[in-house]
Student: 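Take this structure first; my questions come after.
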Amino acid sequence: MSRSRDLVLVATGTDEYAAPYVESLRAAGFAPEEVRTVTPDERNDLPELAARAAGLVLCGGVDVMPERYGEEVLPDGDVEVFPERDEMEWSLLDAAREARIPVWGICRGLQVLNVYLGGSLWQDLPSQCPSDVPHSILKPLDALAHPIEVIDPGTGLGQLLSRDTPRVNSRHHQAIKRLADGFVPVARSADGLLEAVELPREDWWVRAVQWHPENLIAMPRHRALWDDFARAVRKA
């Protein structure tokens, strides 16, 4: 990484929640001084941090404000929002897009990216899209909940995931409804929900998954996703 851009930013709600993401980045070869968590409490520091960002990780967490994709909050949909976090991540994504730094989205991070680029979300899967596929197994964090199907093995993510039928952990009640223009669907669950997406652009590396590979770092397939992001950051 260059001297001017020497940080991988981990955007999160709290520093404590970011711990497994930071540990995964460490496992992928980043030194402690190269990784910096950023929370809404630090939004006054965003311009300086964004100027130093060599890569951006969007973590899991609460829901994106539905008004950002033109909807009102679904009554009785268990929608939990954090507007200050949305504002922070939108600002970071503006900076990332302008500088063309790699962005790696996980769970909420996938949803944030989809909305940021013009897509929409199912606000509450149990009430809007009931399914036999278990999408919300909270404990243990590394429980493999269901398989996914790779639908585009020609993408970067698809190549990493298509060696056999991947199984993933799962704890989310929202998902992509309308895929943003430009995103390529890479993998889906048996009920058709998108589990991995990619922006197929040479000038801006953007990839995201709906599951939590930060809790599966001991498994080579999921560790490979972090190594892939690390390579993208080093090349940027």
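What you see is a predicted model, and the numbers here were worked out from it, not measured in a lab. No hydrogens, no waters, no symmetry mates; every other heavy atom, side chains included, goes into these values.
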Student: Would you call Asp63-Arg68 a salt bridge at under 4.0 Å N-O?
Tutor: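 Not counted as a salt bridge, because no side-chain N and carboxylate O are separated by less than 4.0 Å.
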Student: When rounded to the nearest 0.5 angstrom, what distance separates CZ in Arg36 from CG in Asp15?
Tutor: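 Here the interatomic distance stands at 8.0 Å.
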Student: Using 0.5 Å steps for rounding, measure from the CG atom of Leu93 to the CG atom of Leu58.
Tutor: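 CG of Leu58 is found 5.0 Å from CG of Leu93.
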Student: How close do Ala224 and Leu160 get, heavy atom to heavy atom, and via which atoms?
Tutor: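 That closest heavy-atom pairing would be O-CD1, 4.2 Å.
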Student: Using atom types as modelled and distance alone, determine if a side-chain donor or acceptor of Glu98 lies under 3.5 Å from a backbone N or O of Ala95.
Tutor: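 Answer holds: no.
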Student: What about Val64 and Leu179, same hydrophobic cluster or not, with Ile/Leu/Val/Met/Phe/Trp/Tyr joined at side-chain heavy-atom distances under 4.5 Å?
Tutor: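 Same cluster.
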Student: Quick check: are there more than 12 heavy atoms from other residues, nucleotides or ligands sitting under 6.0 Å from CD of Glu48?
Tutor: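 At most 12 heavy atoms, drawn from other residues, nucleotides or ligands, come within 6.0 Å of this atom.
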Student: Is the ring pair Trp90/Tyr116 parallel, tilted or perpendicular, if the boundaries are 30 and 60 degrees?
Tutor: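 Aromatic pair Trp90/Tyr116 classed perpendicular.
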Student: Any side-chain to backbone donor/acceptor pair from Arg201 onto Val206? Under 3.5 Å, distance only.
Tutor: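 Looks like no, no N/O pair under 3.5 Å.
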Student: Rounded to the nearest 0.5 Å, what's the gap from CG on Leu49 to CZ on Arg52? Could you check?
Tutor: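 Taking CG in Leu49 and CZ in Arg52, the distance rounds to 7.5 Å.
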Student: Salt bridge (Lys or Arg N to Asp or Glu O under 4.0 Å) between Glu214 and Arg171: does it pass, once the steps are laid out?
Tutor: CA-CA 13 Å; Glu214 76 279 9; Arg171 51 182 190 274; 3.8 Å; yes
Student: Ignoring hydrogens and geometry, is there a side-chain-to-backbone donor-acceptor pair from Tyr21 to Gly60 under 3.5 Å?
Tutor: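 At least one qualifying donor-acceptor pair exists.
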Student: Compare all side-chain heavy atoms of Val57 with those of Phe229 and state whether any distance is below 4.5 angstrom.
Tutor: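 A side-chain contact exists here, since the closest heavy-atom pair is under 4.5 Å.
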Student: Looking at every non-hydrogen atom in both residues, tell me the closest pair between Ser131 and Asp191 and how far apart they are.
Tutor: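 Smallest interatomic distance, heavy atoms only, reads OG-OD2, 2.6 Å.
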Student: Hey, could you give me the CG/OG1 distance between Leu161 and Thr155, rounded to the nearest 0.5 Å?
Tutor: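 Atom-to-atom, Leu161:CG and Thr155:OG1 are 8.0 Å apart.
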Student: Is there a side-chain contact between Val10 and Cys59, using heavy atoms and a 4.5 Å cut-off?
Tutor: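 Val10 vs Cys59: side chains touch.
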Student: Please test Lys235 against Glu202 for salt bridge (Lys or Arg N to Asp or Glu O under 4.0 Å), starting from the C-alpha separation and ending with a verdict.
Tutor: CA-CA 12 Å; Lys235 288 170 58 178; Glu202 293 186 3; over 6 Å; no
Student: Would the distance check show the side chain of Ser120 and the main-chain N or O of Arg178 forming a donor-acceptor pair, the cut-off being under 3.5 Å?
Tutor: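 Such a contact is found between Ser120 side chain and Arg178 backbone.
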Student: Any sub-3.5 Å donor-acceptor pair from Trp204's side-chain atoms to Ile101's backbone N or O?
Tutor: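 Flag set: sc Trp204 to bb Ile101 pair under 3.5 Å.
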Student: Distance check, rounded to the nearest 0.5 Å: His212 atom NE2 versus Leu141 atom CG?
Tutor: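 With rounding to 0.5 Å, NE2 (His212) is 8.5 Å from CG (Leu141).
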Student: Could you state whether Val35 and Trp104 fall into the same hydrophobic cluster, counting links through intermediate Ile, Leu, Val, Met, Phe, Trp or Tyr residues with side-chain heavy atoms under 4.5 angstrom apart?
Tutor: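 Yes, same cluster.
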Student: Quick one: does Glu71's side chain get under 4.5 Å of Lys177's, heavy atoms only?
Tutor: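 Yes; the side chains approach each other to less than 4.5 Å.
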Student: With side chains defined as the heavy atoms from C-beta onward, is the minimum distance between Ile151 and Val186 less than 4.5 Å?
Tutor: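 Answer no - side chains too far apart.
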Student: Is it the case that the side chain of Arg207 and the backbone of Ala196 share a donor-acceptor pair, with hydrogens and angles ignored and the cut-off at 3.5 Å?
Tutor: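 A pair under 3.5 Å: no.
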Student: Tell me if a side-chain donor or acceptor on Glu84 pairs with a main-chain N or O of Pro40 at a distance below 3.5 Å.
Tutor: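 Checking the backbone N and O of Pro40 against the side chain of Glu84, no donor-acceptor pair under 3.5 Å is found.
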Student: Could you go through the side chain to side chain contact (heavy atoms under 4.5 Å, CB included) check for Leu216 and Leu144 one step at a time?
Tutor: CA-CA 9 Å; Leu216 304 174; Leu144 296 179; 4.1 Å; yes
Student: If we ignore angles and hydrogens, is there a donor and acceptor under 3.5 Å between the side chains of His222 and Trp211?
Tutor: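 Short answer, yes.
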Student: So, Tyr69 and Asn114: side-chain donor and acceptor under 3.5 Å apart, yes or no?
Tutor: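 There is no such pair between these side chains.
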Student: Examine distances only and state if a side-chain atom of Arg108 and a backbone atom of Val62 form a donor-acceptor pair shorter than 3.5 Å.
Tutor: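 Yes; at least one donor-acceptor contact below 3.5 Å.
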Student: Applying the side chain to side chain donor-acceptor pair (under 3.5 Å) test to Arg188, which of Glu149, Gln210, Glu195 qualifies?
Tutor: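 With Arg188 as partner, side chain to side chain donor-acceptor pair (under 3.5 Å) holds for just one option, Glu149.
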Student: Do the side chain of Gln123 and the main chain of Glu72 share a donor and acceptor less than 3.5 angstrom apart?
Tutor: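 Answer holds: yes.
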Student: Would you check if Leu193 and Ile176 make a side-chain contact, meaning some heavy-atom pair closer than 4.5 Å?
Tutor: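 Contact flag for Leu193/Ile176 side chains = no.
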Student: Quick one: does Ile137's side chain get under 4.5 Å of Ser170's, heavy atoms only?
Tutor: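 Contact flag for Ile137/Ser170 side chains = no.
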Student: Is there side-chain contact between Leu74 and Gln128, with heavy atoms separated by less than 4.5 Å?
Tutor: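 With C-beta onward as the side chain, the pair touches.
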Student: Tell me whether Leu225 shares a hydrophobic cluster with Met219, the cluster being built from Ile, Leu, Val, Met, Phe, Trp, Tyr side chains joined at under 4.5 Å.
Tutor: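 Yes, same cluster.
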Student: To the nearest 0.5 Å, tell me how far Leu194 CG sits from Leu110 CG.
Tutor: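 So the gap between those two atoms works out to 8.0 Å.
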Student: Taking only Lys NZ, Arg NE, NH1 and NH2, and the carboxylate oxygens of Asp or Glu, determine whether Arg231 and Asp227 approach each other closer than 4.0 Å.
Tutor: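 Here Arg231 does not pair with Asp227 in a salt bridge, since their nearest N and O are not under 4.0 Å apart.
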Student: Any chance you could lay out the side chain to side chain contact (heavy atoms under 4.5 Å, CB included) test for Met65 and Asp86, step after step, and finish with the verdict?
Tutor: CA-CA 7 Å; Met65 285 284 291; Asp86 290 354; 3.2 Å; yes
Student: Side chains of Gln174 and His172: donor-acceptor distance under 3.5 Å anywhere?
Tutor: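 Side chains of Gln174 and His172: no pair found under 3.5 Å.
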Student: For a quick test of reading the model, state the closest non-hydrogen atom pair linking Pro185 to Asp152 and the distance between them.
Tutor: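 Minimum heavy-atom separation between Pro185 and Asp152: O-CB, 3.6 Å.
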Student: If you compare all heavy atoms of Leu157 against all heavy atoms of Ala208, which two are closest, and at what distance to 0.1 Å?
Tutor: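 Heavy atoms only, the tightest pair is CD1-O, 3.8 Å.
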Student: Can the positive tip of Arg26 be found less than 6.0 Å from the middle of the six-membered ring of Trp226, inside 45° of the ring normal?
Tutor: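 No.
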Student: Answer yes or no: is there a donor N or O on one side and an acceptor on the other, between the side chain of Glu198 and the main chain of Val184, under 3.5 Å?
Tutor: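 Checked: no pair found.
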Student: Do you reckon Leu46 sits in the same ILVMFWY cluster as Val112, going by side-chain contacts under 4.5 Å, direct or chained?
Tutor: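 Linked, Leu46 and Val112 end up in one cluster.
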Student: So, for Pro134 and Ala145, which heavy atoms are closest and what is the spacing to 0.1 Å?
Tutor: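 Heavy atoms only, the tightest pair is CG-O, 3.4 Å.
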Student: Looking only at heavy atoms, what is the nearest atom pair of Gly55 and Val233, with distance?
Tutor: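 It is CA-CG2, 4.1 Å.
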Student: Do Ser127 and Asp124 meet the criterion of a side-chain donor-acceptor pair at a distance under 3.5 Å?
Tutor: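 Yes, a side-chain donor-acceptor pair sits under 3.5 Å.
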Student: Is the shortest side-chain heavy-atom distance between Val38 and Asp45 below 4.5 Å?
Tutor: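 With C-beta onward as the side chain, the pair stays apart.
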Student: Any ion pair linking Glu89 and Arg43 (charged N to carboxylate O, less than 4.0 Å)?
Tutor: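 No salt bridge links Arg43 with Glu89.
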Student: Spell out, yes or no, whether Leu92 and Leu199 are grouped together once hydrophobic residues are joined by side-chain heavy atoms under 4.5 Å, including indirect joins.
Tutor: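 Leu92 and Leu199: one cluster.
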Student: Passes ring-ring contact (aromatic ring centres under 6.0 Å, His included), His135 versus His146? Steps please.
Tutor: CA-CA 8 Å; His135 287 294; His146 61 78; 5.2 Å; yes
